Amino acid sequence: MRRKKTIVTLTTALAPAERALNVLGTDLTEKGLRRYLNGIAGVDAVGLEQRAAALGTRSIKTTSKRWALDTIISLIDLTTLEGADTRGKVRSLAAKAITPDASDPDCGPVAAICVYGDMVPDAVAALGAHHGAPDRGKIAVAAVATAFPSGRASLPVKLSDTSDAVAAGADEIDMVIDRGAFLAGNYGRVFDEIVAVKETCRREDGTSAHLKVILETGELNTYDNVRRASWLAILAGGDFIKTSTGKVSPAATLPVTLLMLEVVRDWYKLTGQKIGVKPAGGIRSSKDAIKYLVTVAETAGEEWLQPHLFRFGASSLLNDVLMQRQKMTTGHYSGPDYVTID
Amino acid sequence: MTRLAVLKTYKLYIGGKFPRSESGRVYELTGADGSFIANVARASRKDARDAVVAARAAVTGWSGATGYNRGQVLYRIAELLEGRRAQFVDEICRQEGVTAKQAGEQVDTAIDRWVWYAGWADKYVQVAGNGNPVSGPYFNLSTPEPTGVVAIIAPQHPTPSASLLGFVSAIAPALVSGNTVVVVASEKTPLSAISLSEVLATSDVPGGVINILTGSPAEIAPWLASHADVNALDLLGAGDLDWVDLQIDAAETLKRVLPPEAGPDAASPSIDRITFFTETKTVWHTKGMI
Amino acid sequence: MTISFLDYAPAPESRAILDLRETYGLFINGEFVDGRGTPFPSISPATEETITTVATADADDVDAAVQAARVAYTRTWSTMSGADRGKYLFRIARLVQERARELAVAESLDNGKPIKESRDIDIPLVAAWFFYYAGWADKLDHAGLGASPASLGVAAQVIPWNFPMLMLAWKIAPALAAGNTVVLKPAETTPLTALLFAEIVQQAGLPEGVVNIITGAGQTGELLVNHPDVDKVAFTGSTAVGRRIARSTAGTGKKLTLELGGKAANIVFDDAPIDQAIEGIVNGIFFNQGHVCCAGSRLLVQESIHDEVIDRLKDRLSTLRLGDPLDKNTDIGAINSAAQLARITELSAVGEDEGAERWSPECVLPEKGFWFAPTIFTNVSTSHRIAREEIFGPVLSVLTFRTPAEAVAKANNTPYGLSAGIWTDKGSRILAVADKLRAGVIWANTFNKLDPASPFGGYKESGYGREGGRHGLAAYLKPAGTSPALTAVAAQTTEAVAEPVAEPVTASAATTRTSATPSAKPRRTSKKATK
């Protein structure tokens, strides 16, 4: 069903979102949303962190490790999000995305390249025939939008930021939530913005860019907040929930990602819908990335280890994975001179 | 012309009431000079059972009271004893055959002992408890708690100063933390214990907190030692009994057992006597800021 | 996907780090000597292969060990400065850290527990325990027993098979810090790490006889705790054996600490942090195959969330990996012995017969060795045997409650009182419920946490005395000078015997008992002082 773009008034009436209507029923008001989110079971930080640490002790060897390294590559959103980004930088990134390891043609591409909205045309052009759905071995273009990374702009600005990127060919929109509004308790405002951005992701042909909702967990600070924000983002229509912009510390952590995976698992149990999770920022080594794979597999399920359900937002991770991969192929340790700097 | 005295009937003290022994038995108590004093109730195993039931029922209230409150209640016993000093002196003289001065010293010491133990009620936790610096994000605290129902064999011998002071020294420390007690009084010199029960009944001590049996410790003690609803056994005055057998009986339900003591230092005031009838509980709480 | 990532490739810890002897003797007076009893094999419960052969100490050997400990106590250890005793213990802590991997492998091999537990929990805690008590050795004045408290003498220590080396540390570290010497008997099925510990004692240069390790079955343990020249008995194990020791040491003046069985309630309220509670339930009962005296074997879950909790629990159990204890990814290892497996199997069958609903995840059990799939029973009533008896295996009994008061009442409705768990987001309720639970260790929003600084031990039939922390030290000390209340029993005993008994004990009073094991009641043999 096609809905008109919502003109958001940010009053007590929340923009309708199908999921929220199904779950909350007719009580889709600021109060109803608050009651629902506050009714979700709390998180014990110590227990969560210990569970994450325990998952981190899994020992992944030989065939499992090889599979894990290849899977990590296929799940990477290779990212450049700098004020200094240029067409040349994006081209270089695209080339790396297509051929991560020049010495090994068997090394498959990454899932997507992730850039600022104004770089989308360059990214699309650079990928050329390789541009497409990552589940089919192609590379998607993801654009950060909505006044990334702070999200401090008026809604019309955020929406036009989004529609520009979609129009330029972005397959995925990585939006940021209004953390200020969330921390001030204005859940309805955050919700309405997500709904509005989701609407803006629609293309003329009826298809839609995938919406990743960045919670910026480092600013939400508490695990209870992360859990509520995850539910909120899903209720509002997010296809993915993403930890961080990468511009705030701490960015992705294993406990936070575990927590978001638990929400996704619970949402699946509740509705049968599968939501994606994207930890972003701070994951630099293969060893760390493998811990995330384990956490995904043992929390949401192995099925989540596919590009449409799990991504790593990372830039330097790829080279470390490549070096590990070379080690497994050649039997000796590789070095940074044997992977490319892009 | 002397007035004909009204003689007292000496009964048991169970659950705040003064029943005769359900067995209907008494034994003749004679004074140090051999003269008849009274027919004292001779408690049976069923009286012991009833006393344990009463003591168990009183555990929640007594152990749940604040230390401040327990301290005041125990202090109140001292206040009342002070007021009845003459009666206790008289009874001690008759039982033990000591001088009034000696008896008076015993009563004074007994009163002071209540005061000393009363003061511990809101402090022993601080001395015996601990904050534990564990290696992890936990708040970890160890605190002593009362063990529950304590069965006590009070000192049996008239010396040293058993009839009142020995009895008080036996029960007071167990009460401090919130245990309730079933105590078997001295068989030969039970008068002070019985009179103390009359003090207790008019004090603020809830019924069932202190239950006093008179009669033969040899007969009653095995029932208490083997009773599954008794948590601890103080054999303080059981030196003349087959106390090792009692300790063996107590092992069946892993009761905490204090062995007999004798001599002038027996049951001297000590925090060890308080903490022995406590259990250390350690609680771990997670500490998470986010 | 063709490969299942979750079937992680095998990641076995190498056994090459172990350099075991083919036979081990008894460690008495600083050296290994042959035992006079019949040697027995120690097997790996995961494969049933023999790891090594171990000596059995007979009465003469026990005597020799106690004598060695006595001489060491009198001549060296009790006269050594606390600072020096502490330094020896620090050495031991460091040696344990240095040889940690070797010890972990040995422990998993001999006990069947997953290497990730022996590596990350057991052995690090062993080192921590020695380090903690090492520091106490020259600070005993501050242990809460007044100035210059005295050591007790020779400690007889008998430990179980569930945490072999950790229990050794719990026993030996405080005993030595307080100035006692020890004779320790590890469990028959898990002697290996204790024997490796003997090597560590040698490497540490500990004076001869301060630590003696003797191996053997229950009879050796009985000889040890009943040895007349022992001043202190410390036992961890079953309540049945603990009861026997309490009887046999009655009247001897031996100071006794017992750490016995449990049937802990793990209480989950409807506002619990649910994902962490599920982890806590799993950790509570499946940690170490449920071979844990403080295991959360009774799950008390608020009725309103029962179904959700069970659903989540089942999902979680399905991710547990059972198998080779030496594989780093194993969550559930082997049951320690055929005998224990038989008991778990039997009690589980009883659970079904009594009408409880049994469930286990799909789980392939290895053909050799002793294995039991993680199991949960729902529809359990408080009267069921599986809700009352300690199973000591990976079997969880689930019961429900409606109100906090009912939860507390049900939790306390057991002769045991070792541990309990509380799961709720409400801090005030945690404190109130913790106050009312009759158990020695209570975990709020966590479970099965142990630390050398934290006292551990039970109420009621779970034993008495504490291990860990300042309280654990008190189990091996007595106040300076005379202490009529708690120690000097023996002297009065003689006096008591001399006096006529006031009134004969009636026959009925002395014999009418409801003991399940009347024959086990030993006669009084040691009423007179032994020293």
Side-chain angles (χ1 to χ4, degrees), chain B residues 45 127-128 130 132-136 138 140 142 145 147-148 156 187-188 216-223 226 228 231 238-254 256-263 265-268 270 272-273 276 279-286, chain C residues 128 144 239 242-243 246-247 250-251 253 258 260 415 417 430 434 437-446 449 451 453-457 459-464 466 469-471 479 482-486 489 492-493 495-496 499-506 509-510 513 515 521-522 524 527:
Chain B
R45 65 176 169 88
V127 174
N130 248 112
N132 305 310
V134 296
S135 310
Y138 302 97
N140 181 301
S142 290
E145 291 187 342
T147 295
Q156 296 293 312
E187 185 171 13
K188 292 174 189 157
S216 159
E219 178 190 344
I220 304 166
W223 294 102
S226 63
N231 300 103
D240 291 352
L241 310 180
D242 281 336
W243 66 268
V244 176
D245 281 350
L246 295 174
Q247 191 172 2
I248 290 170
D249 285 346
E252 184 62 27
T253 52
L254 279 313
R256 290 81 175 109
V257 180
L258 264 186
E261 288 183 42
D265 287 337
S268 53
S270 159
D272 293 344
R273 283 209 149 261
F276 186 83
E279 308 292 325
T280 297
K281 174 187 281 178
T282 300
V283 185
W284 296 63
H285 303 260
T286 52
Chain C
T239 290
R243 189 175 283 142
R247 283 197 203 106
L258 297 171
L260 309 175
I430 289 176
L437 290 174
R438 301 290 290 163
V441 186
I442 292 167
W443 291 288
N445 291 337
T446 186
K449 291 287 178 289
D451 192 281
S454 179
F456 182 96
Y459 285 33
K460 302 195 278 187
E461 292 195 19
S462 290
Y464 37 74
R466 291 292 176 268
R470 180 172 68 80
H471 294 77
T482 54
S483 173
L486 300 172
V489 185
Q492 290 135 28
T493 321
E495 182 187 314
E499 290 201 32
V501 174
E503 196 131 330
V505 179
T506 64
R513 307 179 38 76
S515 166
K521 182 170 167 178
R524 172 156 42 107
K527 190 162 179 176

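Every chain is numbered from 1 and lettered A, B, ... according to where its sequence line falls, protein lines coming before strand lines. Since we're looking at a predicted model, the values are computed, not measured.
We find the CG-CG distance between C/Asp451 and B/Asn140 to be 7.5 Å, quoted to the nearest 0.5 Å. To the nearest 0.5 Å, the span separating OG1 on B/Thr286 from CH2 on C/Trp443 amounts to 14.0 Å. Considering NZ of B/Lys281 and CZ of C/Arg466, their distance stands at 10.5 Å, rounded to 0.5 Å. Taken to the nearest 0.5 Å, the CH2 atom of B/Trp284 stands 15.0 Å off from the CD1 atom of C/Ile430. Expressed to the nearest 0.5 Å, how far CG of B/Leu254 lies from CD of C/Glu461 amounts to 5.5 Å. Between the NE2 atom in C/His471 and the CG atom in B/Asn132 there is a gap of 7.5 Å [rounded to 0.5 Å].
When each of C/Gly457, C/Gly463, C/Gly417 is scored by its heavy-atom pairs under 4.5 Å with chain B, the top score falls to C/Gly463. Your options are B/Arg256, B/Glu145, B/His285, B/Gln156, and the one with the most heavy-atom pairs under 4.5 Å with chain C is B/Arg256.
Only the backbone of B/Val127 has a heavy atom closer than 4.5 Å to any heavy atom of chain C. Residue contact with chain C, scored on non-hydrogen atoms closer than 4.5 Å, involves the backbone of B/Ala128 exclusively. There is no contact between C/Pro415 and chain B, counting heavy-atom distances below 4.5 Å. With a 4.5 angstrom heavy-atom cutoff, C/Ala439 touches chain B only via backbone atoms. The parts of B/Thr280 that come within reach of chain C are both its backbone and its side chain, each placing non-hydrogen atoms under 4.5 angstrom from that chain.
Distance alone, capped at 3.5 Å, is enough to place a donor-acceptor pair between the B/Thr282 side chain and the C/Pro455 backbone.
Of all non-hydrogen atoms in B/Val244 and C/Gly251, the two that sit nearest each other are CG2-CA, 3.7 Å.
Using a 4.0 Å cut-off between charged nitrogen and carboxylate oxygen, B/Glu279 and C/Lys460 do not count as a salt-bridge pair.
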What do the steps show when you test B/Glu252 against C/Arg247 for side-chain contact (heavy atoms from CB on, under 4.5 Å), and what is the final call? CA-CA 8 Å; B/Glu252 184 62 27; C/Arg247 283 197 203 106; 2.7 Å; yes
